[in-house]
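The basis for the numbers below is simple: all heavy atoms, side chains too, and nothing from hydrogens, waters or symmetry mates.
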Protein chains: 2
Amino acid sequence: MKQNDTTPGSGGFCHAEQACPGCGNTCKMLRDAGLRPTRQRMALADLLFGKGDRHISAELLFDEASQAGAPVSLATIYNTLHQFTRAGLLKAISIDSSKTYFDTNTGDHHHFYLEDTEEVVDMPENGISIANLPSPPEGMEIASVDVVVRVRRAR
Amino acid sequence: MKQNDTTPGSGGFCHAEQACPGCGNTCKMLRDAGLRPTRQRMALADLLFGKGDRHISAELLFDEASQAGAPVSLATIYNTLHQFTRAGLLKAISIDSSKTYFDTNTGDHHHFYLEDTEEVVDMPENGISIANLPSPPEGMEIASVDVVVRVRRAR
DNA sequence: TTACGTGCAAATAATTTGCAGTCCC
DNA sequence: GGGACTGCAAATTATTTGCACGTAA
């Protein structure tokens, strides 16, 4: 359950701008994104942004939420992940064709993909540099450049 | 394996090494890959490799085969695409998370992804260059480096 | 002949959607 | 109170699999 008890008072469990214990700034983050800070969204946001940069699939987040004592339906997980993505809080990455991963690091960066474990890992920000990028087909503009370095256990 | 017994008329419709009309070298390609040159595989190979480098999805190949007068079941399309991939004739690319595309260009190269049309286009071979690639996590070796430049219609 | 291939339909897996009930503002 | 949000289950989409039959070697 919630380890903080800060008298929600006025009906809502979260009080706008001020950082209510347990909400931290999650509440504000959601409001700023134009999303109502509901119980589910708060719980998911805390899981997603509570421990540094993460790369997570819907299914995995579902399991985490369940185990964290905040069961959220899978449909809501998907909805929320997409809402967060639309709001710019997350970035969707498609590395493995079967699952979609969501990245809490929305900055410009690239990834290592561990083939053995199907894990996605951020590449050090300053590492890679790309040159001689061919100009895109005519009439097109570059939306983004995604680099994925697939790695496997060295034998 | 027998390499020189190419007596036409011995039962199969395709006769090993020599270019039988209608087979071209497709036949040999399949044999070399360790795959029996069946009617379906020949038809699909012709569609795949008959017109330069392509990026195609199973569904699309299915439609093409049907229209080409060589209907092949969707299951066989999938099986065949994976067999070809395993044999090194194709390369699977996951750019869009929903569909898997198969690339007839198995060389080292990168792609443009046209977001508007969901099309995959090869990037000129000589264009891009990547530097300062961070070393992979310890105990790991690089399997491949995939670069996808997403482009959209310039407004 | 005989093992490998193929087609079909049912089975999965990941994700989306319709809708009735719930909750935030 | 009212519209935004959720949960559930059914619907979709992409792909895989089991199994009887067909076909290349």
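In this structure, the CG atom of Leu74(B) is 16 Å from the C1' atom of dG18(D), given to the nearest Å. The CG atom of Asp63(B) sits 14 Å away from the C1' atom of dA14(D) (whole-angstrom rounding). Rounded to an integer number of Å, the gap from Lys99(B) NZ to dT15(C) P is 16 Å. If you take CZ of Arg41(A) and P of dT22(C), they are 18 Å apart, rounded to a whole angstrom. Tyr101(A) has its OH atom 15 Å from the C1' atom of dT15(C), to the nearest Å. Distance Leu30(B) CG to dG5(C) P: 11 Å, rounded to the nearest Å. Residue Glu59(B) contributes atom CD, which lies 10 Å from atom C1' of dT15(D) at whole-angstrom precision. The CG atom of Leu35(B) sits 9 Å away from the P atom of dT6(C) (whole-angstrom rounding).
Applying the salt bridge (Lys or Arg N to Asp or Glu O under 4.0 Å) test to every pair with at least one member in residues 108-120 of chain B, sequence neighbours left out, gives these pairs: Lys99(B)-Glu118(B).
Side-chain polar atoms of His109(B) and Asp53(B) form no donor-acceptor pair below 3.5 angstrom. Between His110(A) and Asp146(A), the side chains place no donor N or O within less than 3.5 Å of an acceptor N or O (distance only, hydrogens not considered).
The Arg36(A) side chain lies nearest to dC24(C) when the options are dC24(C), dT15(D), dG7(C). The side chain of Val72(B) has dG7(C) as its nearest neighbour among dG7(C), dT6(C), dT15(D). Among the nucleotides dG5(C), dT15(C), dA14(D), the one closest to the side chain of Ser98(B) is dA14(D).
Applying the 4.0 Å criterion to OP1 and OP2 of dC25(C), one finds that Arg31(A) has a side-chain N or O inside that range. Considering only side-chain N and O atoms, Gln40(A) lies nowhere under 4.0 angstrom from the phosphate OP1 or OP2 of dT22(C).
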### Task
Run the numbers on Glu64(B) and Arg54(B) for salt bridge (charged side-chain N to carboxylate O under 4.0 Å, His left out), then give the verdict.
CA-CA 13 Å; Glu64(B) 279 196 15; Arg54(B) 312 196 59 186; 2.6 Å; yes
### Task
Check the pair Ile93(A), His55(A) against side-chain contact (heavy atoms from CB on, under 4.5 Å), reporting the backbone distance first and the verdict last.
CA-CA 9 Å; Ile93(A) 49 190; His55(A) 307 85; 4.0 Å; yes
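The side-chain contact (heavy atoms from CB on, under 4.5 Å) search around Pro71(B) returns none, not counting sequence neighbours.
For residues 75-92 of chain B, proximity to DNA chain C is found at Ala75(B), Thr76(B), defined as any non-hydrogen atom under 4.0 angstrom from a strand atom.
When each of Leu44(B), Val72(B), Ile77(B) is paired with Phe62(B), the side-chain contact (heavy atoms from CB on, under 4.5 Å) condition holds for Ile77(B) and for no other.
Ser57(B) comes within 4.0 angstrom of nothing in the nucleic acid, heavy atoms only.
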